[in-house]
Protein chains: 2
Amino acid sequence: MRYHALLTALLMGGLTACATLSTPTAATAPAASTGPQRSTDEILKSTTAADWRTVSPENLMLMDVAGKTVMIELAPSFAPAHVANIRTLTRSGYWDGLAILRSHENYVVQWGDPNDEDPKLKRSTGTVNNQIPAEYERPLQGLDFKALPDVDGWARLGGFSEGFAAASDGQSAWLTHCYGAVGVGRGNPPDSGDGSSLYVVIGQAPRNLDRNITVVGRVLSGMEVLTPLPRGTGPLGFYEKAEQRAPLTRVRLAAEDPSAPRLQVLRTDSAAFAELTENRRNRRDTWYVRPAGYTNICNVTVPIRTAPTN
Amino acid sequence: MRYHALLTALLMGGLTACATLSTPTAATAPAASTGPQRSTDEILKSTTAADWRTVSPENLMLMDVAGKTVMIELAPSFAPAHVANIRTLTRSGYWDGLAILRSHENYVVQWGDPNDEDPKLKRSTGTVNNQIPAEYERPLQGLDFKALPDVDGWARLGGFSEGFAAASDGQSAWLTHCYGAVGVGRGNPPDSGDGSSLYVVIGQAPRNLDRNITVVGRVLSGMEVLTPLPRGTGPLGFYEKAEQRAPLTRVRLAAEDPSAPRLQVLRTDSAAFAELTENRRNRRDTWYVRPAGYTNICNVTVPIRTAPTN
């Protein structure tokens, strides 16, 4: 009985409808819709091929850790220079044999070169450009961005672009630090990140990092491989001993691997996504006493699937 | 260098200033303050005994898992009947030898009786009252509640009460499903939870559960014991085999254990908390390019400490 309750609770992870670029407020959030509500399975089964975007193999990074594969979609629309570096590093085998350096409770898991700070021991990043600009935001114009009607708080507008949670002030747009977002470690100079040190958000969205560090993509699958790693016992959750670090046994682009899966992401400008979103905002399941009437970009799950073979 | 960057990033986890009960909006969030900014250590060192509330030993639940102790503060101001049941269950040794049943990625870790649903095998809850009412909300009146000036989205007001993240519509108040919040599993009937099955939020705050299930407290320390547990491979992250479940070796109230620590929580109506909050909302560290100018109750960390011995 409790299992059912928790199943119901699980299924109502929020997704929400699309809106114009007017600034939303809590008061403008749509009221609960009425009438029959289709299940998530029913909605996804009724989608057509046009509702799904196939992830470019050039943007799909496959990272093997602890015998499993984490799949990351890179976002060149938001961070072209950093994504170019990450592709170059991946193709050169830079990551192979490097490790998870840090697991910081309710914050991030970070990976890269344990000898990052030792000029003598650090692994060469080869031909990548270490002098790229920070890519914290980009013009909203020319971007496929759909805002939610729900107030965001951290930004004037919160929404989705190409399946990525994003925000905008009406002029610029940026990827947000939601759960699963992948970003580029940097030092104090805003342009000091080159893509050779990456982190993923594993806790409550630290949206205060938005526009302070370059976000390059998000984990599409495999978060459950990274989040249970033991928390590091050093400052900031860094591991203190080499043997505590889970090795990156192999990191590649799907474009390099004929056996890589073809992943698809539900289009966040599709009617199916809008319906899922509204359903999640206002559950009408037996279990629920009070539909939330609200959701947030970091509470939304954008469905993915393996491309149908036909 | 990256370490420093991430240290800085860590320290700016948001906390924010207190406000009246007017409905905040993003636009009303205070502008960044100016002038020198004291560090968190400086602020905490300057606090006096009056700034700290000692957690009642009757409200401090100590749960031993995997050789470590998770400390949970119960909130009788919000869920008196459920807290009374949990105290009775704990004193009776109900939990000893039970287990973690579930680790659900980006959602909850749940514990209780693996045989919960088998009338023949389930452990007796003894004399606890299984017919208690749901405790989803309570009157705001009479509660020490301080709202943040920042828009919440999920509720008209988000703030803190006795160190617990809470929300209000101006009439009622309720504990919110922020990271670390502890709630009571229930079935479809709203009053079907009795406190014998508990869960803790380990991911992005599922605020859509607010006022749909009874929240009884929060984890004060030991989240890092629960969050790295392997994710369950069954539906909803339930473990499929008995050997996958981490046992609860011992669960007790601090009131029963002379060796239990005396924990204190920084008063969320203190000037120190307001200062920490404003500092976190608008970091002026070298690393930051753009202060957020906003925070959220689920991004705030309420400091705790062991009571000074003198």
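This one's a predicted model, so the numbers in the text were calculated from it and none came from an experiment. Every chain is numbered from 1 and lettered A, B, ... according to where its sequence line falls, protein lines coming before strand lines.
Heavy atoms only, all atoms of each residue included: A/P206 and B/N299 are closest at CA-ND2, 4.0 Å. Annotation for A/V289 and B/P190: closest pair CG2-CG, 3.8 Å, computed over non-hydrogen atoms. Closest of all the heavy-atom pairs between A/W287 and B/G187 is NE1-O, 3.3 Å. Among all heavy-atom pairs drawn from A/P228 and B/P230, the shortest one is CB-CA, 4.3 Å. A pairwise comparison of heavy atoms in A/T286 and B/N188 identifies CG2-ND2, 4.0 Å as the closest pair. B/W154 and A/A292 get closest at one heavy-atom pair: CZ3-CB, 3.8 Å.
Between the CD atom of A/Q204 and the CD atom of B/Q204 there is a distance of 4.0 Å, given to the nearest 0.5 Å. Rounded to the nearest 0.5 Å, atoms CG (A/N296) and CG (B/N296) are 8.0 Å apart.
Between the side chains of B/R207 and A/T295, no donor-acceptor pair is found at a separation under 3.5 Å.
When the shell of 6.0 Å around CD of B/Q171 is examined, it contains 12 or fewer heavy atoms from other residues, nucleotides or ligands.
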side-chain contact (heavy atoms from CB on, under 4.5 Å), that's the test. Do B/N106 and A/E224 meet it? Break it down for me. CA-CA 9 Å; B/N106 192 23; A/E224 73 284 0; over 6 Å; no
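A search for salt bridge (charged side-chain N to carboxylate O under 4.0 Å, His left out) contacts involving A/E137 returns A/R211, B/R290, not counting sequence neighbours. Evaluation of the salt bridge (charged side-chain N to carboxylate O under 4.0 Å, His left out) rule for A/R138 yields no partner, not counting sequence neighbours. With sequence neighbours left out, the side chain to side chain contact (heavy atoms under 4.5 Å, CB included) criterion links B/V225 to B/V65, B/K68, B/V70.
Here the rule is side chain to side chain contact (heavy atoms under 4.5 Å, CB included) with B/Y288, and of A/L209, A/N208, A/I213 only A/L209 fits it.
Heavy-atom proximity under 4.5 angstrom to chain B picks out A/Y179 from residues 173-181 of chain A.
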